[in-house]
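So you know, we letter chains A, B, ... as the sequences are listed, proteins then strands, and number each from 1. The model shown is predicted, which means the values in this text are computed figures rather than measured ones. Only heavy atoms go into these numbers, but all of them, side chains included; no hydrogens, no water, no symmetry mates.
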There are 2 protein chains.
Amino acid sequence: MVKLTKLIDNSVLVAPGAKSLLRQRATVADDIFPDREAAEAATKENAKAIDALQDALWAEGERALLVVLQGIDTSGKDGTVRAVFNRCGPLGVNVTPFGRPSEEELAHDFLWRIHMAAPKKGVIGVFNRSHYEDVLVVKVRGLAPADVVEARYAQISAFEKHLHDTGTRVLKFMLNISKDEQKQRLQARLDDPEKNWKFNASDLDDRKLWDEYAKAYENALDRCSTDYAPWRVVPADRKWQRNAIVAAVVRKTLEDMAPVYPKPDWKASDFRIE
Amino acid sequence: MVKLTKLIDNSVLVAPGAKSLLRQRATVADDIFPDREAAEAATKENAKAIDALQDALWAEGERALLVVLQGIDTSGKDGTVRAVFNRCGPLGVNVTPFGRPSEEELAHDFLWRIHMAAPKKGVIGVFNRSHYEDVLVVKVRGLAPADVVEARYAQISAFEKHLHDTGTRVLKFMLNISKDEQKQRLQARLDDPEKNWKFNASDLDDRKLWDEYAKAYENALDRCSTDYAPWRVVPADRKWQRNAIVAAVVRKTLEDMAPVYPKPDWKASDFRIE
């Protein structure tokens, strides 16, 4: 397990201070998980362990875990949640999707709605998209002045440090698919009647901006991967590799947090149940 | 399936307008699910169907389902969520536990915090305890004047009718365990080191008020089981019977709602993915 997560992080971690080199990174992970069956078994095993660890985290009641999932359309954010967190279930995991901000949200600073959705103690919070959209789509589409966007990298890191320092571990995963793989997944939404409802013509507009998004992602990864909230770029063309990598890292993180069941300050014999 | 849910409802539904006769009801359901293995298989099968139906509910994006779980301490609310909703997972299901209200919540009417937690369109919301605490613990412990509590039954029904009329189906389950079964479950929390953290000495105070709680529950069931938000009393001494009953009713309800995937207003050939 330790050896595996080292192998994973050698390949997927964006070392704080280093360049992410996003556009040179692989979108498959045959070096880490060459075998599909073994990877799927590992994911199941790790999902089970995550469930047990979250139970202890809840019992302890002191800390939280925040998992940020970012990635372009069809990169597999929902699928990752299902594979890694369904075992834990809706009691232990809260998922917050961040779409276009409401008027109320826009009337506040960009981290306001994010902070409101931060997981409470004992819980694993998952963000499906996040505050990073404010330096991604906002930057690519010019939805805010350049100097406002420029200031956000430091603001984001300060906010994530605050979460970390007050008891919330922060993990960030960028699900990295190739342009070809996205083409196939979008085409499947067009062709498969069961997937039609997921197709959104505006996804094609974003696809036309592929290089601009890649640059914006690279920027965010370069500037916001920190010791307290590191980025990991997950090769995501193969769903089973993607799931296996995220599950292994989440499990390892919870094991490092080592939540403990609180010791009772009473003896069973203190009580008699009538 | 239809035959089974009829059998279940003959036994567990509180017919609107009728007396619930809570204290005469069975806490085991050997008539419905005599065989443990078959019951567990049915629960798994139904949890899978619930997952598929919720997917359609989300795609449709027009309606929601609210599942209210009530029951005295140790009655198995969390266990029910795991068995029935983990397959669906945190993407499709939001669980809201209602504990002692905060100052902010007490500064509003008692349904304010409840309304805030109502599920959004496409989602299954589960309440672990609910607005019914305001006619249960509040009544038993005299936390509000009698006339204020008295007015709440009608207020609750009006609120639930509003939810129903605006697209949210409401299901309410009272998990009914015997006083003996509770004793064993509380004792297990005292004796089993892994369960110690769940033990709360104040649960014993509530246990002393068993009859008062039973009367308060009976009142709530008598007065708030309606066509638009019916109560079901689930025999809950055997966890596998409890899970099987709730899963069957939730599945049947979603099947009756019959969510449909929206038809696209385009043809695949309208688009070419570059």
Side-chain angles (χ1 to χ4, degrees), chain A residues 51 55-56 58-61 77-79 81-97 123-126 128 179 182-187 189-199 201 203-204 207-208 210 260-264 266-274, chain B residues 51 55-56 58-61 77-79 81-97 124-126 128 179 182-187 189-199 201 203-204 207-208 210 260-274:
Chain A
D51 180 25
D55 195 63
W58 175 256
E60 182 191 81
K77 299 180 287 293
D78 285 354
V81 172
R82 291 183 73 90
V84 179
F85 294 113
N86 266 32
R87 176 73 190 226
C88 207
L91 278 180
V93 179
N94 291 333
V95 181
T96 309
V123 166
I124 299 175
V126 179
N128 183 332
K179 200 171 174 187
Q182 193 198 37
K183 183 176 181 175
Q184 287 173 40
R185 294 186 187 182
L186 287 173
Q187 193 64 52
R189 290 183 180 183
L190 286 174
D191 297 339
D192 179 348
E194 293 224 332
K195 292 181 176 166
N196 281 171
W197 66 276
K198 291 186 185 175
F199 181 77
D203 294 352
L204 298 186
R207 182 170 166 82
K208 286 185 191 130
W210 185 274
V260 287
Y261 288 90
K263 289 264 171 292
W266 44 260
K267 298 187 305 292
S269 58
D270 294 347
F271 300 99
R272 195 163 163 261
I273 303 170
E274 307 289 343
Chain B
D51 181 24
D55 194 63
W58 176 257
E60 182 191 80
K77 299 180 285 295
D78 284 355
V81 172
R82 290 183 74 89
V84 179
F85 295 112
N86 266 34
R87 176 74 191 226
C88 206
L91 277 181
V93 178
N94 292 332
V95 181
T96 310
I124 299 175
V126 179
N128 184 332
K179 201 173 174 185
Q182 193 198 36
K183 182 176 181 174
Q184 287 174 41
R185 294 186 186 183
L186 287 172
Q187 194 64 51
R189 291 183 178 183
L190 287 174
D191 297 338
D192 179 348
E194 292 224 332
K195 291 182 177 166
N196 281 171
W197 67 277
K198 291 188 186 176
F199 181 77
D203 293 351
L204 298 185
R207 181 170 167 81
K208 285 183 191 130
W210 185 275
V260 287
Y261 288 90
K263 290 264 171 292
D265 51 4
W266 43 260
K267 297 187 305 292
S269 57
D270 293 346
F271 300 99
R272 194 161 164 262
I273 303 171
E274 307 291 341

Novice: For B:D265, check salt bridge (charged side-chain N to carboxylate O under 4.0 Å, His left out) against everything at least two apart and list the hits.
Specialist: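 Here no residue qualifies.
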Novice: May I ask you to name which of A:D270, A:L91, A:V93 has the most heavy-atom pairs under 4.5 Å with chain B?
Specialist: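 The candidate making the most pairs under 4.5 Å is A:L91.
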Novice: Just how far is it from atom NZ of A:K208 to atom CD of B:E274, taken to the nearest 0.5 Å?
Specialist: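 Atom-to-atom, A:K208:NZ and B:E274:CD are 7.5 Å apart.
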Novice: So do the side chains of A:W266 and B:N196 get within less than 4.5 Å of each other, counting heavy atoms only?
Specialist: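 A:W266 vs B:N196: side chains touch.
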Novice: Please classify the contact of B:Q187 with chain A as side chain, backbone, both or neither, using a heavy-atom distance under 4.5 Å.
Specialist: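 For B:Q187, heavy atoms of backbone and side chain both lie under 4.5 Å from chain A.
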Novice: Ignoring hydrogens, what is the shortest heavy-atom contact between B:P90 and A:F85? Give both atom names and the distance.
Specialist: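 Minimum heavy-atom separation between B:P90 and A:F85: CD-O, 3.8 Å.
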Novice: Which region of B:W210, side chain (C-beta onward) or backbone (N, CA, C, O), has a non-hydrogen atom less than 4.5 Å from a non-hydrogen atom of chain A, or is it both or neither?
Specialist: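 Looking at B:W210, nothing touches chain A.
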Novice: For B:V81, is it the side chain, the backbone, both, or neither that has a heavy atom closer than 4.5 Å to a heavy atom of chain A?
Specialist: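 Looking at B:V81, just its side chain touches chain A.
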Novice: Counting heavy-atom pairs under 4.5 Å to chain A, which of B:D55, B:D191, B:N94, B:D78 comes out on top?
Specialist: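 Looking at each of B:D55, B:D191, B:N94, B:D78 in turn, B:D78 comes out on top.
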Novice: Side chain from CB out, backbone as N, CA, C, O: work out which of these in B:Y261 comes under 4.5 Å of a heavy atom of chain A, or both, or neither.
Specialist: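 Side chain only.
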Novice: Decide yes or no for B:N86 and A:D51: does some side-chain heavy atom of the first lie under 4.5 Å from some side-chain heavy atom of the second?
Specialist: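 Side-chain contact under 4.5 Å: no.
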Novice: When A:I273 is tested against each of B:R207, B:R185, B:Q182 for side chain to side chain contact (heavy atoms under 4.5 Å, CB included), which residue passes?
Specialist: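 Among the candidates, only B:R207 passes.
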Novice: Let me know if A:E194 has heavy atoms under 4.5 Å from chain B in its side chain, its backbone, both or neither.
Specialist: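 For A:E194, backbone heavy atoms alone lie under 4.5 Å from chain B.
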Novice: With respect to chain A, which residue among B:C88, B:P193, B:P264, B:A59 yields the maximal number of heavy-atom pairs within a distance under 4.5 Å?
Specialist: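 Option with the top pair count is B:A59.
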Novice: Pick one of side chain, backbone, both or neither for B:L204, based on which atoms fall under 4.5 Å of a heavy atom in chain A.
Specialist: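 Answer is side chain: those atoms of B:L204 sit under 4.5 Å from chain A.
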Novice: Could you report the tightest heavy-atom contact between A:R87 and B:R82, atom names first, then the distance?
Specialist: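 Scanning both residues, the minimum pair turns out to be O-NH2, 3.8 Å.
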